[in-house]
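Here's the structure, in structure tokens; my notes come after.
Worth knowing before you read on, the calculation uses all heavy atoms, side chains too, and leaves out hydrogens, waters and symmetry mates.
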Amino acid sequence: MITQTSGHGDFSAPEALPRSLGGPLSIGEQLRISSVVDGRAQVLTATRFNLRNGATQIKLATSGGVSSPAATPTVHEFTSDEIKAAVEAASDFGTYVSVHAYNIESARRSVEAGVKVIEHGQLLDEATVKYLKNKNVWLSTQNFEEFSAPYTSFQIHKEHQVVMGEGNVFKMGVTKQRQISLRY
């Protein structure tokens with residue numbers, strides 16, 4: 001997954017300098033779970049790196065998440081231009097971009113940039129679900145359960161936000177079957 005500094009997928013220690021400021025690889029980068037990038041040029045490089053290494057599609061985090069230490073699910077990540085950079089590079093390789101996005105703004109910004117799949121989406125509203133259908137964008141969602149130890153109280157709080165929203169997104173998908181397809 002490609003993420004921004006402080007985004008979902010950046011598991012750096014809070015005091016660690018970003019790589020672009022001379023810092024080390026994050027633990028996610030060391031384990032090849034994520035690439036932490038900032039700016040159009042770095043997004044292009046990370047996208048092309050993933051494609052060179054066999055990726056069949058590209059995944060960006062355009063909203064915060066539950067497991068990462070900093071960003072909440074309501075945070076918007078990557079600028080429109082950064083998302084477009086990934087879409088352009090993926091398209092050049094004959095593939096597409098999917099995004100980790102829980103919230104309305106992150107989903108809409110991603111779709112406007114050319115993304116083909118919104119993953120998660122538990123904090124979307126009905127208008128955005130219809131918008132995805134009208135743009136021929138997939139919503140790939142799933143059930144979550146409430147966390148408990150060993151997760152931090154902050155992670156437990158973030159998971160609760162997502163779980164509280166998931167009933168709505170499933171209801172919208174089921175009652176609006178002709179408007180959008182859900183993958184499980």
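Of all the heavy atoms in Asn103 and Leu123, the pair that sits closest is CA-CB, 4.1 Å. Closest heavy-atom contact between His8 and Ser63: CB-O, 3.5 Å. Of all heavy-atom pairs between Ala113 and Lys84, the closest is CB-CG, 3.6 Å. The two residues Ala90 and Val97 come nearest to each other via the heavy atoms CB-CG2, 3.9 Å. Contact record, Ala70 with Ser6: CB-O, 3.8 Å, taken as the closest heavy-atom pair. For Glu166 against Phe144, the heavy-atom pair with the smallest separation is OE1-N, 2.8 Å.
Residues Val169 and Leu132 fall within the same hydrophobic cluster, defined by Ile, Leu, Val, Met, Phe, Trp and Tyr side chains chained together at heavy-atom separations under 4.5 Å. Hydrophobic clustering keeps Leu44 apart from Phe93 (ILVMFWY residues linked when any side-chain heavy atoms are closer than 4.5 Å, directly or through intermediates). Residues Met1 and Val162 do not share a hydrophobic cluster, clusters being chains of Ile/Leu/Val/Met/Phe/Trp/Tyr side chains in contact below 4.5 Å.
Side-chain contact check for Ile156 versus Thr152: every heavy-atom pair is 4.5 Å or farther apart. The shortest distance between side-chain heavy atoms of Glu159 and Met164 does not fall below 4.5 Å. Residues Phe154 and Thr72 meet the side-chain proximity criterion, which asks for heavy atoms closer than 4.5 Å. Residues Ile118 and Trp138 form no side-chain contact, since every pair of their non-hydrogen atoms from C-beta on lies 4.5 Å or further apart. The closest side-chain heavy-atom distance from Val137 to Val117 is not below 4.5 Å.
Remark: His120 pairs with His100, Gln142 by the side chain to side chain donor-acceptor pair (under 3.5 Å) rule, at least two apart or across chains. Every residue two or more places apart in sequence or in another chain that forms a side chain to side chain donor-acceptor pair (under 3.5 Å) with Asp38 is listed here: Thr5.
Taking a 6.0 Å sphere around OH of Tyr151, one finds it holds 12 or fewer heavy atoms contributed by other residues, nucleotides or ligands. Atom CD of Glu145 has 12 or fewer heavy atoms from other residues, nucleotides or ligands within 6.0 Å.
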Let's go through Gln42 and Ser20 carefully: what are the C-alpha distance in whole Å and the side-chain angles of both, what is the deciding distance for side chain to side chain contact (heavy atoms under 4.5 Å, CB included) to 0.1 Å, and is it a yes or a no? CA-CA 10 Å; Gln42 290 184 2; Ser20 60; 3.9 Å; yes

Side chain to side chain contact (heavy atoms under 4.5 Å, CB included) between Val99 and Val111: does it pass, once the steps are laid out? CA-CA 9 Å; Val99 295; Val111 171; over 6 Å; no

Yes or no on salt bridge (charged side-chain N to carboxylate O under 4.0 Å, His left out) for Lys135 and Glu112, after CA distance, side-chain angles and deciding distance? CA-CA 9 Å; Lys135 295 289 189 174; Glu112 289 166 8; over 6 Å; no

Output, in order, the C-alpha distance, side-chain angles, deciding distance and verdict of salt bridge (charged side-chain N to carboxylate O under 4.0 Å, His left out) for Arg109 and Glu82. CA-CA 11 Å; Arg109 181 184 297 173; Glu82 290 170 319; over 6 Å; no

Do Val87 and Val115 pass the side chain to side chain contact (heavy atoms under 4.5 Å, CB included) test, and can you show the C-alpha distance, the side-chain angles, and the key distance before you say yes or no? CA-CA 6 Å; Val87 168; Val115 164; 4.0 Å; yes

Please step through side chain to side chain donor-acceptor pair (under 3.5 Å) for the pair Asp10 and Ser12, ending with a clear verdict. CA-CA 6 Å; Asp10 181 357; Ser12 302; 2.6 Å; yes

Going through the checks in order, is the side chain to side chain contact (heavy atoms under 4.5 Å, CB included) test met by Gln155 and Ser68? CA-CA 8 Å; Gln155 289 170 317; Ser68 52; over 6 Å; no

Give the table of side-chain donor-acceptor pairs shorter than 3.5 Å for residues 49-60, with sequence neighbours excluded, one pair per line with atom names and distance.
{"unit_1": "Asn53", "atom_1": "ND2", "unit_2": "Phe49", "atom_2": "O", "d": "2.9"}
{"unit_1": "Lys59", "atom_1": "NZ", "unit_2": "Glu119", "atom_2": "OE1", "d": "2.7"}

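Of the possible polar contacts, one joining the Thr47 side chain to the Val43 backbone as a donor-acceptor pair under 3.5 Å is found. Side chain of Arg48 to main chain of Ala89: no donor-acceptor pair is present (N/O by atom type, distance under 3.5 Å, no hydrogens or angles). Looking only at distances, no side-chain donor or acceptor of Gln4 sits under 3.5 Å from a matching main-chain atom of Val36. Listed for the Lys158 side chain is a donor-acceptor partner under 3.5 Å among the backbone atoms of Ala71. Judged by distance alone, the side chain of Lys116 and the main-chain N or O of Ser98 form no donor-acceptor pair under 3.5 Å.
A distance of 11.5 Å separates CG of Leu124 from OH of Tyr102, quoted to the nearest 0.5 Å. Within the model, atoms CG of Asp125 and CD1 of Ile104 stand 3.5 Å from one another, a figure rounded to the nearest 0.5 Å.
Side-chain polar atoms of Ser110 and Thr62 form a donor-acceptor pair below 3.5 angstrom. Judged by distance alone, the side chains of Arg108 and Thr128 do bring a donor and an acceptor atom under 3.5 Å apart. Between the side chains of Glu29 and Ser26, at least one donor N or O lies within less than 3.5 Å of an accepting N or O. Side-chain contact annotation: Glu146 with His160, donor-acceptor N/O pair under 3.5 Å present.
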